Amino acid sequence: MPGLRAALPAALLLLSSFPPAAAERLPWPQVPGVMHPLNPSHREAVWAAWTALHYINSHEASPSRPLALHKVVKAAAKMIPRLGWKYYVHCTTEGYIHGENAGSCFATVLYLKKSPPVVHGKCVHAQNKKQIQEEDHRFYEYLQHQKKPITANYIPDSNGNIAHDHLQLWGLAIVGSSYIMWKQSTEHTGYLLAQVSSVKQQIRKDNAVAFKFIVLLHEIPTQQMNVCHMYLVWTLGHPIRVKYSCAPDNHGLEDGSGQDSGSAAGTSHETKGNF
Amino acid sequence: MGQRFGTAQCPTLPTQMCQGLIWGTLPHILRPLGAAFKLSAFIWSFELLWIQRVLTVLDNLPLDLHCNCGLILESGLLLSLVGVTRLVLLVFGSCRAVLLATESPFTSTMKLILIFSALFGAALCLETFVGHQVLRIKTRNEEQLKKLRFLETLDHLELDFWLNPSTPALPVDVRIPAHSLQAVKIFLESHGIEYSILIEDLQVILDREKQDIVASQQMERSSSTFNYGTYHSLASIYQELDNLASEYGNIVSKIQIGESYEKRPLYVLKFSTGRGNRPAIWLDAGIHSREWVTQASAMWIAKKIASDYGNDPSITSLLNNLDIFLLPVANPDGYEFTHTTNRMWRKTRSKNSGSLCIGVDPNRNWDAGFGGPGASSNPCSDSYHGPRANSEVEVKSVVDFIKNHGNIQAFLTLHSYSQLLMYPYGYKCTPPADNAELNTIGKAAANSIRSLYGTTYTVGSICSTIYQASGGSIDWSYDYGIKYSFAFELRDTGRYGFLLPAAQIIPTAEETWLGLKTIMEYVRDNPY
């Protein structure tokens with residue numbers, strides 16, 4: 001990204017320049033252009049970091065090694081007139097699948113009123129980039145050579161278990177869901193992937209690999225579970241492409257009778273990501 | 001301790017065992033002789049004599065026989081061993097017949113007896129360590145070290161070096177059999193070599209060790225039906241509550257404080273060592289049914305409290321001053337639903353009039369800023385606060401219990417996930433009057449949690465740490481007058497979320513317990 005090179009050093013300079021003072025609590029004085037330090041363990045900082053990681057996971061990370069938030073190191077926010085609040089975050093990351101130390105990221109997150117948040121992020125990876133690319137390559141080839149479409153349900157299962165064969169599928173689901181979660185995130189609403197309800201491979205004639213997912217996204221702070229139908233296309237070396245449709249999981253509507261197979265898919269409505 | 005014995009050698013059989021073997025094989029030698037001389041009466045009287053001899057042998061047997069390879073023998077085994085010897089010899093009488101073709105009867109029998117005795121001797125490998133001492137020898141120079149190396153070469157002393165002589169700077173540990181003790185001590189003293197007695201009588205330590213192992217095996221057996229490291233059904237949990245109340249009946253009792261919407265009992269375990277209404281601590285889990293690690297942790301904690309009383313000084317002192325009330329499944333209808341139908345169900349299962357949607361968020365239903373920000377008025381929402389405060393019977397039952405008890409000093413509740421330790425308020429973002437004290441306690445508890453596996457918790461008020469949320473339980477308890485009100489959000493921070501792998505249950509419970517204990521100890525020491 002062109003603006004990145006200029007923006008990032010500036011952000012770093014700003015972040016490092018203020019003293020670790022106590023953060024002001026909401027509502028902050030809405031003075032535009034003034035950088036407000038945030039308590040790194042408070043929710044605004046944490047959610048801004050997650051929003052950034054959702055973006056990074058879906059646009060830059062590889063399905064083999066998606067990232068999860070480890071800890072926010074430093075954070076600040078600034079009011080951009082007529083646009084919204086822009087968050088500056090420095091966080092450490094861990095591997096989503098195995099929990100290993102994955103390095104750190106610097107990111108800015110600008111929450112807009114009617115569009116997805118604008119994220120610029122740069123990560124320093126603790127892992128060998130070449131090794132990750134090779135893993136992607138191997139996984140991709142494995143998927144391409146499937147004669148029978150791969151299917152699976154409930155990753156992780158109710159007890160938190162994931163079959164070894166499903167770990168990479170989980171990674172793919174994380175990357176795809178991250179796209180949805182980034183798009184839906186606002187300053188006050190965040191998301192985390194709760195569970196992959198089902199995954200079905202779609203065999204394609206071209207080079208790409210495609211899957212139909214049903215994923216459950218945990219919405220915070222409403223605590224709602226959103227059921228998202230996600231169609232994901234992956235071409236090696238390119239960012240994944242996602243089409244999706246989400247609806248709140250309203251099991252209550254069926255009033256507990258005649259429930260089919262306990263799947264959270266239930267009766268999903270075709271509303272386009274409108275909560 | 002056990003691993004040290006790897007270096008010991010198998011000594012000779014004790015006299016009693018030799019006798020047993022000999023007496024076991026003698027009838028088989030004498031039988032053919034008696035038959036040859038037609039002395040059947042002789043044979044039978046000998047049999048009687050044999051039985052009497054075996055019984056005497058058993059009477060005199062030291063009760064602390066230990067095998068070098070592990071702790072095994074009891075008298076019964078010895079008896080059967082001798083019997084087996086005889087049986088084997090009878091069975092292999094046919095071998096004798098074969099040998100008879102080539103050798104004289106006498107030599108073939110003797111050969112068999114010798115072979116079997118040798119085999120049994122090797123297999124048994126018995127020894128006893130009565131009177132053995134372990135000395136720690138400190139040499140001052142190379143000269144003294146040389147003397148110790150000389151000792152090493154004297155096989156008849158049967159010394160067992162646990163730390164061999166190497167340099168004067170390092171101590172030498174050696175096990176000395178009773179018969180060599182005097183000689184070795186005289187040797188050391190005469191050469192001015194310093195030593196101290198590490199172990200006065202090795203056998204005593206081994207006996208104690210054996211007792212510990214038996215005790216722990218018994219404990220495993222009694223609780224082997226409930227695995228604290230997996231997630232359980234409601235029925236299984238309720239069964240284990242009964243088991244705990246029965247196994248630790250002196251301090252644990254099960255109370256029913258009410259019924260859920262679908263008429264499931266709400267069970268509380270009372271941990272108490274005294275009578276009357278002592279000051280007490282309240283702890284609940286599973287108010288949000290999908291947070292499975294909380295119910296699972298509560299069960300482990302229940303077991304921990306019960307079994308630690310009388311063994312752990314802190315818990316013992318805690319229960320000698322306070323009672324603990326533990327509600328492991330605060331929302332049983334929801335919990336059952338997460339097992340049968342929807343793993344992600346959070347609320348109660350009550351019907352909402354005028355809506356097809358079911359359930360109320362039980363942690364938005366308490367009478368603290370009820371209906372305010374952070375709770376939804378939509379019955380279909382997962383944070384629906386309900387038609388009015390305490391509308392949910394699950395909530396009302398707890399409120400009534402706490403009010404009726406009248407002496408609850410702390411209110412603690414478990415949720416997941418996020419790794420947070422929070423105090424009031426949630427319904428407003430202004431700090432409580434006891435903010436500083438609660439923050440200090442919280443930080444101390446978080447440190448205790450971190451001390452075990454490095455798991456970090458964020459400490460703060462609900463509003464600042466997680467989000468503004470009205471109608472929460474610890475806000476109600478605090479405003480009701482229970483100063484020490486805390487809410488935990490357990491592991492993890494989002495990768496598995498509600499679906500925390502079962503392998504993490506016990507580590508989570510262990511570290512959470514340390515945090516809870518820190519708070520409980522503070523409550524014990526700071527009554528108000």
Side-chain angles (χ1 to χ4, degrees), chain A residues 23 25-27 39-44 46-47 50 53 66 68-71 94-99 154-162 174 188 190-195 197 216 218-225 227 248-257 259-264 266, chain B residues 230-231 262 288 290 292-293 337-347 349 351-352 355-359 361 363-364 374 376 378-384 417-418 420 429-431 456-460 463-469 492-505:
Chain A
R25 280 299 314 130
L26 267 174
N39 184 325
S41 48
H42 282 184
R43 56 186 156 104
E44 296 88 7
V46 172
W47 286 113
W50 268 115
L53 287 178
L69 176 66
H70 177 242
K71 215 167 126 175
E94 53 188 23
Y96 201 115
I97 297 179
H98 298 290
Y154 302 119
I155 305 170
D157 67 14
S158 285
N159 296 308
N161 299 318
I162 305 178
I174 292 163
H188 306 293
Y191 297 88
L192 284 172
L193 173 62
Q195 190 180 39
S197 289
L216 286 179
H218 179 207
E219 185 181 287
I220 299 151
T222 63
Q223 295 298 328
Q224 208 66 33
M225 279 293 160
V227 182
D249 177 16
N250 271 334
H251 256 262
L253 274 174
E254 264 116 23
D255 53 48
S257 61
Q259 213 29 257
D260 60 322
S261 75
S263 156
Chain B
T230 62
Y231 295 111
E262 290 174 344
H288 289 138
R290 62 189 179 200
W292 278 16
V293 72
F337 199 70
T338 59
H339 280 271
T340 58
T341 315
N342 182 355
R343 175 62 179 82
M344 296 297 177
W345 190 260
R346 166 185 166 92
K347 304 189 284 182
R349 291 294 300 164
K351 290 200 167 49
N352 294 308
S355 172
L356 290 172
C357 291
I358 292 195
D361 184 342
N363 207 29
R364 301 286 185 279
S376 171
N378 178 359
C380 299
S381 166
D382 257 326
S383 53
Y384 173 50
Y417 56 92
S418 284
L420 308 169
C429 290
T430 54
T456 54
Y457 270 61
T458 300
V459 179
C463 182
S464 66
T465 318
I466 199 168
Y467 39 68
Q468 192 173 5
D492 62 6
T493 52
R495 286 168 55 221
Y496 286 94
F498 300 120
L499 306 178
L500 195 70
Q504 291 197 44
I505 294 173

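The basis for the numbers below is simple: all heavy atoms, side chains too, and nothing from hydrogens, waters or symmetry mates. Just so we're on the same page: letters track the sequence lines, and every chain starts at 1. Please read all numbers here as calculations on a predicted model, not as lab measurements.
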Does the side chain of [Y] come within less than 4.5 Å of [X]'s, by heavy atoms?
| X | Y | value |
| --- | --- | --- |
| A/H218 | B/F498 | yes |
| B/Y496 | A/Q195 | no |
| B/T465 | A/R43 | no |

- Message: Please enumerate all residues that pass salt bridge (Lys or Arg N to Asp or Glu O under 4.0 Å) together with B/D361, with sequence neighbours excluded.
- Response: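 Only B/R346, B/R364 meet the salt bridge (Lys or Arg N to Asp or Glu O under 4.0 Å) criterion with B/D361.
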How close do [X] and [Y] get, heavy atom to heavy atom, and via which atoms?
| X | Y | value |
| --- | --- | --- |
| A/Q224 | B/S381 | OE1-CA, 3.7 Å |
| A/G160 | B/P501 | O-CG, 3.5 Å |
| B/Y467 | A/I220 | CE2-CG2, 3.9 Å |

Output the distance between atom [atom1] ([X]) and atom [atom2] ([Y]), rounded to the nearest 0.5 Å.
| X | Y | atom1 | atom2 | value |
| --- | --- | --- | --- | --- |
| B/M344 | A/S197 | CE | OG | 8.0 Å |
| B/T458 | A/H42 | OG1 | NE2 | 8.0 Å |
| B/R495 | A/L192 | CZ | CG | 12.5 Å |

- Item | When A/D157, A/L193, A/T222 are compared by non-hydrogen pairs under 4.5 Å with chain B, the top option |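 Most heavy-atom pairs under 4.5 Å with chain B: A/T222.
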- Query: Under a 4.5 Å heavy-atom cutoff, which of B/Q468, B/R290, B/H288 has the most pairs with chain A?
  - Reply: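 That would be B/R290.
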- Message: Heavy-atom pairs under 4.5 Å with chain A - which of B/I505, B/L500, B/D382 has more of them than the others?
- Response: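 Going by pairs under 4.5 Å, I would pick B/D382.
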- Using the side chain to side chain donor-acceptor pair (under 3.5 Å) rule, take A/Q223 and B/Y384 through it: C-alpha gap first, then chi angles, then the decisive distance, then the call. CA-CA 10 Å; A/Q223 295 298 328; B/Y384 173 50; over 6 Å; no
Check each atom of [X] against the heavy atoms of chain B and say whether the ones under 4.5 Å are side chain, backbone, both or neither.
| X | value |
| --- | --- |
| A/A68 | side chain |
| A/W47 | neither |
| A/I97 | backbone |

- Task: Begin with the C-alpha distance, continue with both residues' side-chain angles, and end with the deciding distance and a verdict on side-chain contact (heavy atoms from CB on, under 4.5 Å) for A/N161 and B/L499.
- Result: CA-CA 8 Å; A/N161 299 318; B/L499 306 178; over 6 Å; no
- Query: Is it the side chain or the backbone of B/S376 that comes within 4.5 Å of chain A heavy atoms, both, or neither?
  - Reply: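 Contact with chain A: none, neither part.
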